[in-house]
Amino acid sequence: MKYHFKDLGLSNTKEMFAKANKEGYSVPAFNFNNLEQLQGIIEACVEMGSPVILQVSTGARSYIGKEMLPWLAKAATAYVEASGSDIPVALHLDHGPNFEEAKDCIEYGFSSVMIDASHHPYDENVKESKEVADFAHKHDVTVEAELGVLAGVEDDVVAEKHIYTQPDEVEDFVKKTGVDSLAIAIGTSHGAHKFKPGDKPQIRLDILKEIEQRIPGFPIVLHGSSSVPKKFVDMINKFGGQIADAIGIPDEQLREASKSAVSKINVDTDGRLAFTAGIREVLATKPGEFDPRKYVGPAKNYMKDYYKEKIVSVFGSEGAYKKGTPRK
C-alpha cells in the first residue's frame with residue numbers, strides 16, 4: 001500500500017453518516033477534476049462548517065494522475081487544519097467500475113470507494129459489491145454500492161433507461177454484501193439534460209420512505225442530484241456557449257430527502273456549469289486576457305459561492321462542525 005487515508009488526514013464516511021442521520025442533514029459529495037475546483041469545494045465547506053466528500057470518477061483520477069491525487073487530498077486537509085476548522089474530509093471513488101479500480105484507489109489513499117455493479121444481474125451485483133467490501137474493510141475504508149439504474153450521461157456513466165430501486169431487495173442486498181451505504185434510483189438522473197422542457201421532475205419519496213423502513217438508519221445515497229441552475233446555463237449561453245434545455249432536480253425535493261435517511265447527495269454537473277460560466281464570462285468580456293489565474297479564479301469563486309448556498313438550501317449541513325477562517 002502506497003498510502004493509507006489516515007496519513008493524508010482523511011476520514012472514512014462511517015461517523016460522517018451516523019452524525020448526519022442523527023441530526024437530519026446530508027453530507028455534500030462534490031466531484032472535482034482540477035485544483036481550482038478542489039479549492040472551491042474545500043473553501044466553501046470550511047467556511048460553512050460542513051463535512052465534505054471529495055469525489056473523483058475513474059476519468060477524473062486518470063486526468064489528475066493517480067500519483068498526484070493523494071497529495072491534492074493532503075493539501076485539502078492541511079487547508080482545513082490551517083483554517084481552524086474540524087470538518088471531516090473523505091476522498092471517494094465515484095462509480096468504481098470493478099474490483100481492480102477500487103483496490104488501486106484504496107492503496108492510493110482513498111478513504112471511501114463506490115463499486116457500481118448495478119448494470120449487472122442482481123446476484124452478480126451482490127458478488128462484486130461483497131468482494132470490494134471485504135477488501136476495503138481490511139483497511140478501514142467504507143464502501144458504497146448501488147441498486148437500480150439512473151438514466152443519463154455524466155463522465156464515464158452512461159445509461160439509457162431508468163430502473164427504480166426495488167425496496168424488497170435492499171435488505172437482502174445490504175445483508176449479503178456488507179456495504180456501508182447504498183445508492184438508490186428514485187428519479188434522479190445524471191447530467192445536465194435530465195428532463196425535457198415542460199417536465200416537472202419528481203423524485204420518488206415514497207420509494208425512499210419504504211426503503212428507509214426496510215433498512216432503518218442505514219445510509220442512503222442519491223446520485224444525479226444536480227439542480228442545473230438556470231443562472232449558469234443562461235450565462236454560458238450568453239457568453240458563447242450552447243447548452244439547450246438543461247433541467248435538473250428542484251432543491252426543495254432534495255432537501256426533503258436529506259432530512260430522512262439520505263446521508264449523502266452527489267453533485268457534479270452544477271459545479272461544472274458554475275465553473276464554465278465563470279470562465280466564459282471573463283474570456284468574453286476581456287478577450288485580451290491570457291493569464292489563467294484571471295479566469296479560473298473567478299470560475300472557482302462562482303462554484304464556491306454556489307456550493308455555499310447549496311449547503312444551506314439542499315444539504316442542511318451548515319454548522320455541523322466548526323467553521324474555519326478563510327485563508328488569504
Side-chain angles (χ1 to χ4, degrees), residues 1-20 22-23 25-56 60-61 64-94 105-113 136 139-142 180 219 263-267 271 275 293 296-297 299-301 303-312 315-328:
M1 176 169 289
K2 301 206 70 160
Y3 312 100
H4 189 270
F5 71 84
K6 291 182 179 178
D7 296 330
L8 303 175
L10 297 165
S11 304
N12 66 27
T13 60
K14 192 170 296 183
E15 291 183 7
M16 279 191 197
F17 290 165
K19 180 175 167 62
K22 181 180 179 181
E23 299 180 11
Y25 64 86
S26 292
V27 178
F30 295 135
N31 287 66
F32 73 97
N33 301 279
N34 60 26
L35 173 62
E36 287 77 19
Q37 287 182 318
L38 174 60
Q39 288 175 316
I41 292 166
I42 205 70
E43 288 175 17
C45 291
V46 161
E47 290 175 29
M48 299 303 285
S50 171
V52 64
I53 298 170
L54 303 172
Q55 294 197 152
V56 292
R61 186 179 183 226
I64 296 168
K66 74 176 188 178
E67 297 286 357
M68 296 183 71
L69 185 55
W71 298 105
L72 286 181
K74 176 64 175 175
T77 60
Y79 179 90
V80 172
E81 183 178 1
S83 300
S85 175
D86 64 353
I87 66 167
V89 179
L91 179 63
H92 177 76
L93 171 65
D94 191 20
C105 285
I106 291 167
E107 292 176 344
Y108 271 81
F110 280 63
S111 60
S112 179
V113 295
H139 303 283
D140 198 26
V141 171
T142 43
D180 304 285
S263 303
K264 170 179 180 270
I265 298 178
N266 291 12
V267 177
F275 200 81
R293 295 171 297 179
V296 294
K300 179 207 78 170
N301 289 333
M303 183 175 170
K304 170 184 171 179
D305 291 344
Y306 179 70
Y307 278 168
K308 287 174 70 173
E309 296 174 12
K310 208 168 183 75
I311 284 168
V312 176
F315 297 97
S317 57
E318 178 190 5
Y321 295 82
K322 184 170 65 177
K323 296 183 181 183
T325 303
R327 309 304 296 172
K328 299 299 183 182

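Just so you know, these numbers come straight off a predicted model, no measurement behind them. Sequential numbering from 1 along the given sequence is applied to the chain's residues.
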(message) Could you check whether any side-chain heavy atom of Ile87 comes within less than 4.5 Å of a side-chain heavy atom of Cys45, counting everything from C-beta outward?
(response) yes
(message) Which label fits Tyr3 and Trp71: parallel for a plane angle under 30°, tilted from 30 to 60°, or perpendicular past 60°?
(response) perpendicular
(request) Indicate yes or no: at least one non-hydrogen side-chain atom of Ile41 is less than 4.5 angstrom from one of Met303. (result) yes
(request) Would you mind reporting whether Phe275 and Asn34 have side-chain heavy atoms less than 4.5 Å apart? (result) yes
(request) Check the side chains of Tyr25 and Glu318 for a donor-acceptor pair under 3.5 angstrom, ignoring hydrogens and angles. (result) no
(message) Is a donor from one side chain sitting under 3.5 angstrom from an acceptor on the other, for Thr13 and Thr142?
(response) yes
(message) So Phe110 and Leu54, do their side chains get closer than 4.5 Å, heavy atoms only?
(response) no
(message) For Asp140 and Lys6: C-alpha separation, side-chain torsions, deciding distance, then whether side-chain contact (heavy atoms from CB on, under 4.5 Å) applies.
(response) CA-CA 10 Å; Asp140 198 26; Lys6 291 182 179 178; 3.4 Å; yes
(request) Identify the heavy atoms of Ala76 and Leu38 that sit nearest to each other, and give their distance. (result) CB-CD1, 4.2 Å
(message) With heavy-atom distances below 4.5 Å as the criterion, would you say the side chains of Val27 and Val52 are in contact?
(response) no
(message) I want to check something: taking the side chain as every heavy atom from C-beta on, are Pro88 and Pro51 in contact at a cut-off of under 4.5 Å?
(response) yes
(request) Would you please test Tyr108 and Met1 for side-chain contact (heavy atoms from CB on, under 4.5 Å) and show each step? (result) CA-CA 7 Å; Tyr108 271 81; Met1 176 169 289; over 6 Å; no
(message) Whether the Gln55 and Lys264 side chains hold a donor-acceptor pair (N or O, under 3.5 Å, no angle test) is what I'd like checked.
(response) yes
(request) Not counting sequence neighbours, list each pair that qualifies as a salt bridge (Lys or Arg N to Asp or Glu O under 4.0 Å) and has a residue in residues 29-38. (result) none
(request) List for me each residue that meets ring-ring contact (aromatic ring centres under 6.0 Å, His included) alongside Tyr306, sequence neighbours excluded, and say none if there are none. (result) Phe232
(message) Quick one: does any side-chain atom of Asn33 pair with a main-chain N or O of Ile64 as donor and acceptor, under 3.5 Å?
(response) no
(message) For the backbone of Val80 and the side chain of Ser85, can you confirm whether one donor and one acceptor N or O come within less than 3.5 Å of each other?
(response) no
(message) What's the separation between atom OG in Ser26 and atom CE in Met16, rounded to the nearest 0.5 Å?
(response) 13.0 Å
(request) Output the distance between atom CD (Gln39) and atom CG (Leu72), rounded to the nearest 0.5 Å. (result) 9.5 Å
(request) Identify the heavy atoms of Lys66 and Pro70 that sit nearest to each other, and give their distance. (result) O-CD, 3.0 Å
(request) Could you tell me which non-hydrogen atom of Ala44 sits nearest to which non-hydrogen atom of Lys304, and how far apart they are? (result) CB-O, 3.6 Å
(request) Give a yes or no on whether the backbone of Leu91 and the side-chain of Ser111 come within a donor-acceptor separation of less than 3.5 Å. (result) yes
(message) Donor-acceptor check, side chain of His139 to backbone of Val141, threshold 3.5 angstrom: yes or no?
(response) no
(request) Calculate, to the nearest 0.5 Å, the distance between atoms NZ and CG belonging to Lys310 and Asp305 respectively. (result) 14.5 Å
(request) Evaluate the side-chain proximity of Asn31 to Val267: yes if any heavy-atom separation is below 4.5 Å, no if none is. (result) no
(request) For atom CD of Glu309, decide whether the heavy atoms of other residues, nucleotides or ligands shown that lie under 6.0 angstrom number more than 12. (result) yes
(request) Count the heavy atoms of every other residue, nucleotide or ligand shown that sit under 6.0 Å from NZ of Lys14, and state whether that count exceeds 12. (result) no
(request) Decide if the gap between the ring center of Tyr307 and the ring center of Phe30 is smaller than 6.0 angstrom. (result) yes
(request) Determine whether Val46 and Tyr79 make a side-chain contact, defined as any pair of heavy atoms from C-beta on separated by less than 4.5 Å. (result) yes
(message) Measuring from atom OG of Ser112 to atom CG of Leu93, what distance do you get when rounded to the nearest 0.5 angstrom?
(response) 8.5 Å
(message) Which heavy atom of Leu69 sits nearest to which heavy atom of Phe32, and what is that distance?
(response) CD1-CZ, 3.7 Å
(request) Identify the heavy atoms of Ala90 and Leu10 that sit nearest to each other, and give their distance. (result) C-CD2, 4.2 Å
(request) Can you measure from CD (Glu23) to NZ (Lys19) and round to the nearest 0.5 angstrom? (result) 3.5 Å
(request) Using modelled atom types only, decide if a donor and an acceptor are shared between the side chain of Asn266 and the backbone of Ala29 within a distance under 3.5 Å. (result) no
(request) Rounded to the nearest 0.5 Å, what's the gap from OG on Ser50 to NZ on Lys308? Could you check? (result) 12.0 Å
